[in-house]
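Only one structure is covered here, and it is reproduced in the block below.
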Amino acid sequence: MSHERGEKITLSVIKADIGSLAGHHKVHPDTMLASTRVLAEAKKNGLLIDYYVTAVGDDLQLIMTHKKGVNNKEVHETAWNAFEEAAKVAKELGLYAAGQDLLSNSFSGNIRGMGPGVAEMEFNERPAEPVVVFMADKTEPGAFNLPLYKIFADPFNTAGLVIDPRMHNGFIFTVLDVYEGKALDLSTPNDLYDLLALIGTPSRYVIKYVHRKDGEIASTISSERLSLIAGKYIGKDDPVMIVRAQSGFPALGEILEPFSFPHLVEGWMRGSHAGPLMPVGIKDAKMTRFDGPPRVAALGFNIKNGNLVGPSDLFDDVAFDETRRQAQIIAEYMRRHGPFMPHRLGPEDMEYTTLPDVLKKLENKFRPFELGYKPIIKHELEEIK
Ligand code: F6R
Ligand code: MG
Ligand code: MG
């Protein structure tokens, strides 16, 4: 019941690839319409306060506000129904990979672990509550590690860490080990080097939350990894992230600043290549060159009494033109490597794609070869210890 939770507002961003136009390229507007109808009904019934439907690449994005808290069954079920309705339309239109991310046939209480990506946060609305919703395609949740580090821990990015007394104490990062299902909290600036030791491996260690030291939630990130849910490669885990802005949180410009560097992320073609993350406006959030390059869009809202005011399409701006040009140059450079690492990802990440099936065929074609030395491999070293 909403009144039991006081006046706290929950912002839920839930996304799924339910099929797209002309390949893994772009969401079809009719599928957006189908999901919008479901959310409109939920708003009419009072479950949702407000919603905004958008798309980035082949991912349909549901941005919703309500008073039900995070992981709420009714809200998740509504999102699931919205995706199912959209997938029905995708099937009717013969869109590609219709229903791709809906890994289950029926909803079972919580959308997490069922395919869609989820980022949610609950907070007491400030008199002015600016938030940014980031949505990336053709990459994975760890793609936000580097920008989050810069936003909340790097004084060369975020001037407020040095000059705003409300931010000067630093932040607490919750880091997930997505392979083992473990989490730990690291407090910056004290634990800065430990934090970097983990999050520099973004395919395994993913920043899940950032809190201010007074306990206020500052950021939340989706952490679902589809291949680890389905046990095989069925699409990359294109992530979403929410960041609160201003007055005690980083300024809007400090939140956007890290994206002026098109850092290399994992994903791109077949989820198996490293490429630059290119910040784009929604109109350019469609995947073309080599199914990419990986892109990120950002929508800025103000939340007032739970209503979503806005959005502003934040990367649809000339200030990011030079970043996009750099991203093109990097994309060109990386592409010239073809199937060679480090453009193509290493064996660990390839385990979660379809390459092992190809390599299996070669296994019994290998014959013994006298190297002239006995290679010491890692697991033997561990036995010696
Ligand atoms: C990556 C992605 C695409 C597909 C590629 C092959 O996340 O969605 O790059 O992996 O287009 O798709 P299939 O195997 O469906 O032909
Ligand atoms: Mg797709
Ligand atoms: Mg996608």
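Counting starts at 1 for both ligands and their atoms, following the listed order.
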At a non-hydrogen distance cut-off of under 4.0 Å, which region of Tyr96 contacts ligand 1 (side chain, backbone, both, or neither)? side chain

Which protein atoms of type N, O or S are found under 2.8 Å from the Mg ion (ligand 2)? Asp17 OD2, His24 ND1, Asp58 OD2

Quick one: NE2 on His273 to CG on Asp349, what's the gap to the nearest 0.5 Å? 12.0 Å

Is Met287 touching ligand 1 with its side chain, its backbone, both, or neither, if touching means heavy atoms under 4.0 Å apart? neither

If we ignore hydrogens and angles and just use 3.5 Å, is the side chain of Arg295 paired with the main-chain N or O of Lys286 as donor and acceptor? yes

Rounded to the nearest 0.5 Å, how far apart are OG1 of Thr220 and CE of Met241? 10.0 Å

Presence of salt bridge, Lys150 and Glu254, under 4.0 angstrom: no

salt_bridge(Glu129, Arg126) N-O dist < 4.0 Å: yes

Indicate yes or no: does Asp59 engage Lys15 in a salt bridge with an N to O separation below 4.0 Å. yes

With a distance cut-off below 6.0 Å to the six-membered ring centre and an angular limit of 45° from the axis, does Arg335 pair with Phe290 as a cation-pi contact? yes

Before accepting this row, confirm whether a basic side-chain N of the pair Arg270/Asp291 lies closer than 4.0 Å to the acidic partner's carboxylate O. no

Glu125 with Arg244: basic N within carboxylate O range, under 4.0 Å: no

Check ligand 1 against Met269 and write out every atom of the ligand that is under 4.0 Å from a heavy-atom position of the residue. 9 (O)

Give the atoms of ligand 1, by number and element, whose distance to some non-hydrogen atom of Gly271 is under 4.0 Å. 1 (C)

Residue pairs passing the salt bridge (charged side-chain N to carboxylate O under 4.0 Å, His left out) test with at least one member in residues 182-192, sequence neighbours excluded, are Glu180-Lys182

For the Mg ion (ligand 3), which N, O or S atom of Asp137 is at the shortest distance? OD1

Asp238: which N/O/S atom is nearest the Mg ion (ligand 3)? OD2

Just let me know how Arg270 lines up against ligand 1, side chain, backbone, both or neither, with a heavy-atom cut-off below 4.0 Å. both

Find all atoms of ligand 1 within a distance of less than 4.0 Å from any non-hydrogen atom belonging to Trp268, and give their numbers and elements. 1 (C), 9 (O)

